Amino acid sequence: MKLLPVAGIDVGKNFSEMAILTPSNEVYARMKIRHDSHHDVDKAVQLLQNVEKDFGAKPVIIMESTGHYHKILFYSLYNLGYEVSATNPIQTNSIKNVGIRKVKNDKVDARKIALLYRLGEISFTKIPDAKLDCLKSLCRQYYNLSDELTAYKNSLTAVVDQLMLNFNHVFKDNCSSTALAVLEKYPSPKHLLEANPEELITLIQKTSKKSLKWAMDKYELLYSKAKDFQPLSIDNTANLTMLNINITMIRTLSDSLKSIISTIHKLLKEDTARNASAMASIIELLCTIPGIGVLTAATILSEVRDFSLFSKPDKLTAFFGIDPSVNQSGNFEGTQNKMSKRGAKLLRRVLFTVALANIGKKSNGKLSNPVLHEFYQKKCISKPKMVAIGAVMHKLVYIIFAVLRDRKPFELRTPEEHAIRLKTKTLAA
């Protein structure tokens with residue numbers, strides 16, 4: 001088999017180092033590519049074209065998937081017809097340790113990244129999908145903002161506890177629209193006791209959208225709790241300022257999250273309207289699985305991107321990072337192996353949430369997934385709860401794989417029913 005020239009690119013924030021290897025693995029050329037200069041990109045392309053002339057084949061290009069920094073160079077080269085692979089940093093970091101000497105610089109790393117291709121461990125990225133990139137950015141931003149929102153909610157609770165610890169006896173959720181409206185206008189027991197009753201009752205009724213009687217009852221309880229706690233309230237300038245800041249941030253972040261969800265739905269609607277609905281149809285199939293909604297489905301799709309790359313469910317499990325790590329050497333074989341956690345962290349996060357939904361109950365009291373609930377309960381007899389949830393997550397990846405492989409909606413089956421169907425299918429074949 002004729003070997004192709006290969007270019008390894010070590011990606012940085014402001015520039016990248018490129019090392020081009022000949023088919024015999026000798027260094028053909030090196031180059032520093034500044035990301036803010038199209039002239040540097042043009043020079044890099046010219047160098048790659050020279051390689052093509054000298055060896056009669058286009059060089060393949062290997063680069064690290066480094067945050068968003070690799071994207072400009074990736075798309076520039078891909079659009080010019082080069083085979084480009086954005087590899088997982090876990091792979092490139094391992095090849096960087098191939099030498100005995102401790103040498104760490106971008107030029108050396110670029111050559112070692114190119115050598116990774118020679119090991120046959122690289123699969124090439126398919127045509128970049130702009131819609132999937134948009135979906136991935138939106139989903140990741142959603143979870144980032146969601147984490148920030150949680151932090152500000154916790155901060156608000158800490159401040160409210162100092163101002164009026166028994167406030168949650170009136171409003172269970174300090175961050176509900178009614179609670180925030182009351183806290184914004186009447187931040188301390190003193191303000192509440194001095195408030196005009198009619199104005200406060202009107203505010204509660206308007207923001208809660210409930211009856212006048214409900215609002216009046218809340219006012220009476222609020223007044224009583226404020227009177228009880230007033231002597232203990234720490235209503236200093238710092239707490240009052242932090243309260244307003246937290247309220248503002250909670251509202252801003254909540255609106256931002258709604259905007260992201262709205263944009264995701266709009267993106268999927270546009271995809272369906274164009275009848276190119278590979279993306280929309282996959283999300284629709286994923287949503288048939290209990291515990292998976294549009295956001296979770298969009299997150300799974302945007303992170304995995306191309307499910308056809310996974311020939312077996314075990315490979316998809318490894319991509320999620322929930323495959324067991326292996327600790328074996330000689331006659332020793334470890335028995336306390338944990339999740340490898342080498343896949344996408346966000347995928348494990350959403351899968352954990354889906355697992356919790358599947359072993360729990362719906363709002364009507366019925367089990368979300370009786371089969372997985374029973375499986376979880378049996379696992380809990382001999383395993384810790386978190387290990388049992390890990391087993392449920394493993395099952396869910398197999399379900400996701402089967403649904404997308406067969407392109408059929410999820411069907412709830414007991415293990416016995418599944419075994420019968422599998423036997424019937426085998427006999428028919």
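The model shown is predicted, which means the values in this text are computed figures rather than measured ones.
- Residue Lys58 places its NZ atom among more than 12 non-hydrogen atoms of other residues, nucleotides or ligands, all under 6.0 Å distant.
- Using a 4.5 Å heavy-atom threshold, the side chains of Phe229 and Leu232 count as touching.
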*Can Ile261 and Val294 be said to form a side-chain contact (heavy atoms from CB on, under 4.5 Å), step by step?*
CA-CA 9 Å; Ile261 294 295; Val294 173; over 6 Å; no
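- A 6.0 Å sphere centred on CG of Leu149 holds more than 12 heavy atoms belonging to other residues, nucleotides or ligands.
- Other residues, nucleotides and ligands contribute over 12 non-hydrogen atoms within 6.0 Å of the OH atom of Tyr376.
- Salt bridge Lys213/Asp217: present, at least one basic N to carboxylate O contact under 4.0 Å.
- Between atom CD of residue Glu148 and atom CG of residue Leu253 there is a gap of 5.5 Å, rounded to the nearest 0.5 Å.
- A salt bridge links Glu184 with Arg251: the closest approach of a Lys/Arg side-chain nitrogen to an acidic carboxylate oxygen falls below 4.0 angstrom.
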*Kindly indicate, with the supporting measurements, whether the criterion side-chain contact (heavy atoms from CB on, under 4.5 Å) is fulfilled by Leu135 and Ile283.*
CA-CA 12 Å; Leu135 200 61; Ile283 288 179; 4.2 Å; yes
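- More than 12 non-hydrogen atoms from other residues, nucleotides or ligands lie less than 6.0 angstrom from CD of Gln377.
- Between Leu192 and the choices Lys185, Met164, Lys227, Lys225, the side chain to side chain contact (heavy atoms under 4.5 Å, CB included) rule is met once, by Met164.
- Atom NZ of Lys190 sits in a sparse spot, with 12 or fewer heavy atoms from other residues, nucleotides or ligands closer than 6.0 Å.
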*May I have the step-by-step check of side-chain contact (heavy atoms from CB on, under 4.5 Å) for Leu243 and Ile247, ending in yes or no?*
CA-CA 6 Å; Leu243 182 71; Ile247 290 172; 4.0 Å; yes
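- Aromatic pair Phe310/Phe319: centroids less than 6.0 angstrom apart.
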*Do Leu285 and Arg407 pass the side-chain contact (heavy atoms from CB on, under 4.5 Å) test, and can you show the C-alpha distance, the side-chain angles, and the key distance before you say yes or no?*
CA-CA 7 Å; Leu285 282 171; Arg407 286 291 192 269; 3.7 Å; yes
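- Both cation-pi conditions hold for Lys218 and Phe171: the charged atom is under 6.0 angstrom from the six-membered ring centre and inside a 45 degree cone around its axis.
- At a cut-off of 3.5 Å, with distance as the only test, no side-chain donor of Ser262 or His265 sits close to an acceptor on the other residue.
- In this structure, CG on Leu347 lies 4.5 Å from CZ on Phe320, to the nearest 0.5 angstrom.
- The CD1 atom of Ile33 sits 14.0 Å away from atom CG of Asn14, with the distance rounded to the nearest 0.5 Å.
- Side-chain atoms of Leu286 and Leu404, non-hydrogen and from C-beta on, do get closer than 4.5 Å to each other.
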